[in-house]
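A quick write-up on the structure given underneath.
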Amino acid sequence: MQKFKSIKILFIFLAFNVLLIKYPLCSSLGTLITIYLLNFKEINTDLKNFNITNYKYFFISIPLILINYILLYLITKISPLPENEILIRSLIHVNPLYYLLIFGIISPISEELTFRYGFNSIKNKYIYIIITSILYAIMHLSNFSEILYVIPYFILGLTFAYTYKKTNSLIYPISIHIIHNLISLLFIIIF
């Protein structure tokens, strides 16, 4: 049954995301709670093993995130925004605090739980990093016309997966992901 865990977790994540447009808080919290319950032993062990001395990996991720922002900016000049980005940009102006909570904090935690714990059965760290990064990138696309956006999303996935594998702690990729999303959302609100 353990070998199907990644499929179960990915299915749960995608099933709850169907509700995201109509019931964003329910969708995000439902995903978070369900995936936590499936992985509570690993998460609790992870929290106990957290080592603050791994903070350097947090700072190593900054150049990758900056590259990601530059790529996103350049791609938006030649390709329309992905549907998920259009949705987020329209919703964030409706109720900024509500959607900052959902897309800035809860969603990154849910995504990291999904992709980091959902695929822990992959023992080779390089294959793990590549597969989870590809899946993370694809999950953010709605159709084939958004294919150029695979590149920046893949870089983000690489950043989160690499940080997780180097630190053996979900706290670092979650923190990086939250900071990335909050900065992106604040730019959308301000500009």
Side-chain angles (χ1 to χ4, degrees), residues 1-43 46 68 72 75 79-92 94 98-123 127-165 170 173-178 180-182 184-185 188:
M1 199 55 134
Q2 186 67 14
K3 65 181 179 178
F4 296 111
K5 186 177 184 180
S6 57
I7 294 169
K8 261 194 295 192
I9 289 174
L10 194 57
F11 178 76
I12 289 165
F13 181 79
L14 293 172
F16 274 109
N17 272 347
V18 170
L19 301 171
L20 189 61
I21 295 170
K22 267 193 148 180
Y23 309 103
L25 187 59
C26 294
S27 169
S28 297
L29 287 175
T31 304
L32 187 64
I33 291 167
T34 306
I35 293 173
Y36 173 78
L37 291 174
L38 283 171
N39 297 289
F40 72 94
K41 285 182 185 176
E42 293 97 334
I43 293 169
D46 188 340
N68 178 64
L72 278 172
I75 292 171
S79 180
L81 285 171
E83 287 180 29
N84 74 319
E85 190 70 27
I86 293 169
L87 174 67
I88 290 169
R89 287 174 185 230
S90 65
L91 291 174
I92 198 74
V94 173
Y98 179 69
Y99 288 107
L100 276 172
L101 172 69
I102 292 169
F103 298 125
I105 297 170
I106 297 172
S107 291
I109 295 170
S110 297
E111 288 177 5
E112 290 310 308
L113 286 172
T114 300
F115 290 100
R116 296 323 131 224
Y117 287 133
F119 296 89
N120 265 346
S121 60
I122 301 172
K123 298 303 178 202
I127 293 173
Y128 169 89
I129 291 170
I130 297 297
I131 287 176
T132 59
S133 300
I134 290 169
L135 289 172
Y136 176 82
I138 290 170
M139 188 253 338
H140 282 85
L141 304 181
S142 301
N143 57 57
F144 191 73
S145 67
E146 302 170 352
I147 197 71
L148 281 177
Y149 289 95
V150 163
I151 300 165
Y153 286 126
F154 179 76
I155 290 172
L156 280 177
L158 280 175
T159 303
F160 305 142
Y162 173 80
T163 305
Y164 175 66
K165 282 301 182 183
L170 199 61
I174 284 176
S175 301
I176 296 164
H177 200 153
I178 287 173
H180 170 270
N181 281 23
L182 286 174
S184 299
L185 291 168
I188 291 169

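All heavy atoms count here, side chains included; hydrogens, waters and symmetry mates do not. All residue numbers refer to positions in the sequence shown, counting from 1.
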Distance (rounded to the nearest 0.5 Å) between [X] [atom1] and [Y] [atom2]:
X	Y	atom1	atom2	result
Thr114	Ile35	OG1	CD1	3.0 Å
Leu170	Thr163	CG	OG1	11.0 Å
Phe160	Ile176	CZ	CD1	7.0 Å
Ile86	Leu91	CD1	CG	12.0 Å
Arg89	Ser184	CZ	OG	9.0 Å
Ile33	Ile12	CD1	CD1	12.5 Å

Worksheet item: For Ser133, which residues count as a side-chain contact (heavy atoms from CB on, under 4.5 Å) partner, sequence neighbours excluded?
Response: Ile129, Phe154, Leu158, Ala161

Worksheet entry | side-chain contact (heavy atoms from CB on, under 4.5 Å) partners for Ser79, two or more places apart | Ile75, Leu148, Tyr149

Do [X] and [Y] make a side-chain contact, defined as non-hydrogen atoms from C-beta onward lying under 4.5 Å apart?
X	Y	result
Ile127	Ile130	no
Leu156	Tyr136	yes
His180	Asn68	yes
Asn84	Tyr153	yes
Leu38	Tyr117	no
Tyr99	Ile88	no
Ile174	Pro108	no
Glu111	Met139	yes

Practice prompt. Could you go through the side chain to side chain donor-acceptor pair (under 3.5 Å) check for Tyr164 and Asp46 one step at a time?
Written response: CA-CA 11 Å; Tyr164 175 66; Asp46 188 340; 4.7 Å; no

For the residue pair [X] and [Y], what are the closest heavy atoms and their distance?
X	Y	value
Ala137	Val150	CB-O, 3.6 Å
Ile92	Leu100	CD1-N, 3.8 Å
Phe16	Thr31	CB-OG1, 2.8 Å
Ile106	Ser28	CG2-CB, 3.3 Å

Practice prompt. Would you please classify the geometry between the Phe40 ring and the Tyr36 ring as parallel, tilted or perpendicular, with 30° and 60° separating the classes?
Written response: tilted

Worksheet item: Leu135 and Thr132: side-chain contact (heavy atoms from CB on, under 4.5 Å), yes or no, with the steps?
Response: CA-CA 5 Å; Leu135 289 172; Thr132 59; 5.7 Å; no

Worksheet item: Taking the six-membered ring for Trp, are the ring centroids of His177 and Phe115 within less than 6.0 Å of each other?
Response: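 Ring centres of Phe115 and His177 not closer than 6.0 Å.
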
Worksheet entry | Heavy-atom neighbours of Phe11 CZ exceed 12 at 6.0 Å |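 It does not: Phe11 CZ has 12 such atoms or fewer within range.
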
Discussion item. Apply side-chain contact (heavy atoms from CB on, under 4.5 Å) to residues Asn39 and Leu113 and explain how you reach the verdict.
Written reply: CA-CA 8 Å; Asn39 297 289; Leu113 286 172; 5.7 Å; no

Worksheet item: Who passes salt bridge (charged side-chain N to carboxylate O under 4.0 Å, His left out) against Glu112, sequence neighbours left out?
Response: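 Here the qualifying residues are Arg116.
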
